[in-house]
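One structure is given below, encoded as structure tokens.
Below, each value reflects all heavy atoms present in this structure, side chains not excepted, and no hydrogens, waters or symmetry copies.
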Amino acid sequence: MAKNLLIVESPAKAKTIEGYLGKDFVVKSSYGHIRDLVKSEDAIDIAHDFQQKYEVPADKKQVVSELKKLAKEAEVIWLASDEDREGEAISWHLFETLGLKEANTRRIVFHEITKPAIIRAIENPRTINYHLVNAQQARRVLDRLVGFELSPVLWKKVKPSLSAGRVQSVAVRLIVDREREINKFQSEAAFRVTAIFGKGREAFKAELNERFAKQEDAEKFLNDCIGADFNVKSLDTRPAKRSPAAPFTTSTLQQEASRKLGFSVSRTMSVAQKLYESGRITYMRTDSVNLSDTALNAAASEIVSAYGQQYHQQRQYKTKSASAQEAHEAIRPTYFNVHSFEGDNAEKRLYELIWKRAIASQMSEAQFERTVARISVSTRPEELVANGEVMKFDGFLKVYLESTDEDEKEDNIEEGDSAILPPLTKGQLLSLTEMTAVERYSRPPARYTEASLVKKLEELGIGRPSTYAPTISTIQNRGYVVKEEREGKTRAYRVLTLKNSSIAKEEKTEITGADKNKMFPTDIGAVVNDFLVQHFNGIVDYHFTAGVEKQFDEIAQGLQEWTVMIRKFYDPFHQEVETTKATADRASGERELGVHPESGKKLSVRIGRYGPFVQIGEADDEQKQYASLRAGQMIETISLEEALELFKLPKKVGLFEEKEMTVAIGKFGPYIRHNSAFYSLPKGIDPLDVAEDQAIEIILDKRKRDAERLIKTFDENPEVKILNGRWGPYIEFEKLNVKIPKDKDPHTLTFDEVKALADATAAEPKKGRFGKVIAAKAAPAAKKATTAKKQAAKKSPAKNAPAKKSTGKK
DNA sequence: CAGTGAGCGAGCTTCCGCTTGACTT
């Protein structure tokens, strides 16, 4: 029996610490919070100082009972949860739930998992800080009150099952607001003039320090340059330097992994989790940029031995974000001398990124010599500017360069493209090789990526490292925003080129507004947002969280009573909820587009039961017509013309094999429907303009391609097919596709084996996209009586399960 | 991948933060 029980939050941490402490200590993990507010309405007793009702959730029961048992046996219990608001509350919940006694309970904290840090912590125990616990309770209660009072308002006024909350609603607002900025953005075109001087290796580029709004002005400038003298008017050379970025926090890791590796934030977190669990990196949910002394020394010796002393420079970084609680170190390799390991590709790439960033953060700055050459034009007052940069010492750039988001790359004249300039002298006469004036459009603000949204949230102090990824998922799961690729439009721009004393004009085209993996608001997102902004502006204000955080800080310092603070917030808030419920109109985002030209009836667009749609005619019109909006179309921006287009499809295009062919647009784009089968239209064909023989051709072509993929059929049932798919061979029968396992040869499968495979797949519980079981497995009979109710409750939503089982028959 | 778009009502949904696992498209 161990004398000491030490409890931390994370099991991986527990394992490491156990190794440091020897056999007198048993180190266990609480797996995060062990209690939460009950789900029901009585979780918070509003009338009695917001008293809370907590329970141990089902999945924590086992952890709690094991800890309870160990605590009973131990002489001293060490509560070593993180040193932040949540960590303090975890210690308190442990104290209460495990029935601990003050006499043999110690609260300890450390910010790094190193042996000396742990020993030091054990030598300096304290008691639970109840001010901090109160601050956490205030946070928890406020979030519950906001979330569980606002959401039902949405169910009543917009649509069931929607949600609102302090964090998610602001995240949606950011995306909606950004989209509107983009919509109303008026891009302006101007001619940007660049010149190339010299030839071959001596050639360099310069840019005019002014842009021309009108083509004739640009043309006049180029004209004036014919035969003009170009002189180096001034030459300014000065040293410049560049410093490395701080080591990773959760949010900066998510940003860089998104930019450099193309990872979604949730992918980054799950790969990082694996690295953490296998002991490769320190904890991945952190807002701190600190490195422990151990880490600083290890990084130093790694740098010195690999690159030399002159590359090392010790640095401690300061956290920029005010909301940081810094319970952990920055994200870094556990051992800097580990450069590679066995593991999957994603793990290796993310590790490399973390390693480089952490190492670079302890390296010397890079040194440059930056030259700005100003070039005068004898016939004009304007100047051309050439920027040159020569690296004198690479420093940290030897290892790592932080990338930037697109929207941060400004094509600034003074700091534009830097290249190497040939040796120049003041007054030197230059020979012009070519000059171009290109029409450039100003760009609207960039849409958010998952990662840039996280960055913005962090700047606003909204959300925590452990919630960034889940928040991004929530707002997508609720249908408020979608991450999509959208095609841009082509736009023409003009180019004037001056070469050999003559000016050539041409028109070129570029694609604008194309976006990949960006966050777009949906109609429901916009409607919910507008509703919340109208009725609960205080909550969805960008600075609401910052305001309450300030108060939580005061509570944590004992300067304010948490119940007083919550009361001050809650009473007026609740009043708003009540009046909104009673008086606000239903929100459907309805917008009148105008009049249907043929019938003269009203044409309007709004959200309906099945999503956004256009309607011709008033609500009481018996002849009214509907059409759903298509992907990429929004209530806010759809035009009358686009809406009218929607009524032109589906369209009958002719007969084939005595059956009708119909062209329509579905979720996955335009298609031909024939004899209950779907044939997607190849790109570039206008669905409104498909001829009969063209449609037949498309159908025949698809059939031919399907025949090529066919591996075998069966006499027992000709509708069962084995086909070659994108991911290998599979069985196709009715709507069910079943993958054939790698160890089976698709050519020799018997009908019975196929049937067995199909049946096995049909019987498996289908996992929903978000991990919820849709069709539950037959529940094992031996379950605790207390959970029986919940089991029953969980089963009921699986109404659609039986439908899927019918695949074996018919 | 269709078309659907009324209303009633029972019973459901929902927050943020702290953890890991158990699943696949």
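For the OP1/OP2 pair of dT13(B) and a distance below 4.0 Å, the side-chain nitrogens and oxygens of S151(A) include no atom meeting the criterion. Contact check, Q168(A) against dC15(B): a side-chain N or O comes under 4.0 Å of OP1 or OP2. Put simply, T467(A) has a side-chain N or O that comes within less than 4.0 Å of OP1 or OP2 on dG17(B). Between R478(A) and dT13(B) there is no side-chain polar atom (N or O) within less than 4.0 angstrom of OP1 or OP2. For the OP1/OP2 pair of dT20(B) and a distance below 4.0 Å, the side-chain nitrogens and oxygens of S10(A) include at least one atom meeting the criterion. For the OP1/OP2 pair of dG17(B) and a distance below 4.0 Å, the side-chain nitrogens and oxygens of R140(A) include no atom meeting the criterion.
Among the atoms of the strands shown, none is found under 4.0 Å from any heavy atom of Y468(A). No contact: A89(A) has no heavy atom under 4.0 Å from any strand. Among the heavy atoms of the strands lying under 4.0 Å from R139(A) is at least one base atom, whether or not backbone atoms are also near. Q136(A) comes within 4.0 angstrom of nothing in the nucleic acid, heavy atoms only. Nucleic acid contact for G87(A): none, since no nucleic acid atom lies under 4.0 Å from a heavy atom of the residue. Y276(A) comes within 4.0 angstrom of sugar-phosphate atoms only, judged by non-hydrogen atoms across all strands, and of no base. Within the nucleic acid shown, P470(A) has no heavy atom closer than 4.0 Å to any nucleic acid atom. Across all strands shown, V146(A) has no heavy atoms under 4.0 Å from either base or sugar-phosphate atoms. L150(A) comes within 4.0 angstrom of nothing in the nucleic acid, heavy atoms only.
Between the CD atom of Q62(A) and the C1' atom of dT20(B) there is a distance of 13 Å, rounded to whole Å. R166(A) places its CZ atom 13 Å from the P atom of dC15(B), with the value rounded to the nearest Å. When rounded to the nearest whole Å, the span between CD1 of I462(A) and P of dC15(B) equals 16 Å. Atom pair F148(A):CZ and dG17(B):C1' shows a separation of 14 Å (rounding to whole Å applied). Regarding I475(A), its CD1 atom lies at a distance of 11 Å from the P atom of dC16(B), rounded to whole Å. One atom, CD of E86(A), and another, P of dC15(B), lie 16 Å apart when rounded to the nearest Å. Computed from coordinates, the N477(A) CG to dT13(B) P distance equals 16 Å when rounded to whole Å. In this structure, CE of M269(A) is placed 11 Å from P of dC18(B), rounded to the nearest angstrom.
Heavy-atom contacts from other residues, nucleotides or ligands closer than 6.0 Å to CG of D344(A) number more than 12. K602(A) NZ: more than 12 foreign heavy atoms inside a 6.0 Å radius.
Ring-plane geometry between Y283(A) and Y276(A) is classed as perpendicular, the angle between the planes exceeding 60 degrees on a 0 to 90 degree scale with a lower cut at 30.
By the stacking rule of 5.5 Å between ring centres and under 30° between planes, F678(A) stacks on the base of dC1(B). Stacking here means ring centres nearer than 5.5 Å and ring planes tilted less than 30 degrees, and by that measure Y671(A) does not stack onto dC1(B). For dT13(B), the base is stacked against the aromatic ring of W155(A), per a cut-off of 5.5 Å between centres and 30° between planes.
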## Note on the structure
In 5'-to-3' order, the base (B), backbone-only (S) or no-contact (-) status of each nucleotide in nucleotides 3-10 of chain B, using a 4.0 angstrom heavy-atom cut-off, is SBB-----
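Map Y283(A) and G147(A) each onto its nearest nucleotide of DNA chain B; the residue landing nearer the 5' end is G147(A). The residue among D143(A) and E277(A) whose nearest nucleotide of DNA chain B is located toward the 5' end is D143(A).
Relative to the ring axis of W562(A), R139(A) does not place its NZ or CZ within 45° and under 6.0 Å from the centre.
Comparing dT20(B), dC16(B), dT19(B) against the side chain of V167(A) picks out dC16(B) as the nearest. Proximity note for R464(A) (side chain, C-beta onward) versus dC18(B), dC15(B), dT20(B): the nearest is dC18(B).
With no hydrogens or angles considered, a side-chain donor-acceptor pair links S91(A) and S81(A) at under 3.5 Å.
Ion pairing between a basic and an acidic side chain is recognised when a charged N comes within 4.0 Å of a carboxylate O; R140(A) and D36(A) show such pairing. Between E618(A) and K624(A) there is no salt bridge, since no side-chain N of the basic residue sits under 4.0 Å from a carboxylate O of the acidic one.
Judged by distance alone with a 3.5 Å cut-off, no donor-acceptor contact links the side chain of S163(A) to the base of dT14(B).
Considering only residues two or more places apart in sequence or on other chains, D701(A) meets the salt bridge (Lys or Arg N to Asp or Glu O under 4.0 Å) condition with R705(A). Considering only residues two or more places apart in sequence or on other chains, H596(A) meets the ring pair (Phe, Tyr, Trp, His ring centres under 6.0 Å) condition with none of them.
Each of K60(A), E86(A), H93(A) was evaluated against H33(A); a single residue qualifies, E86(A), per the side chain to side chain donor-acceptor pair (under 3.5 Å) test.
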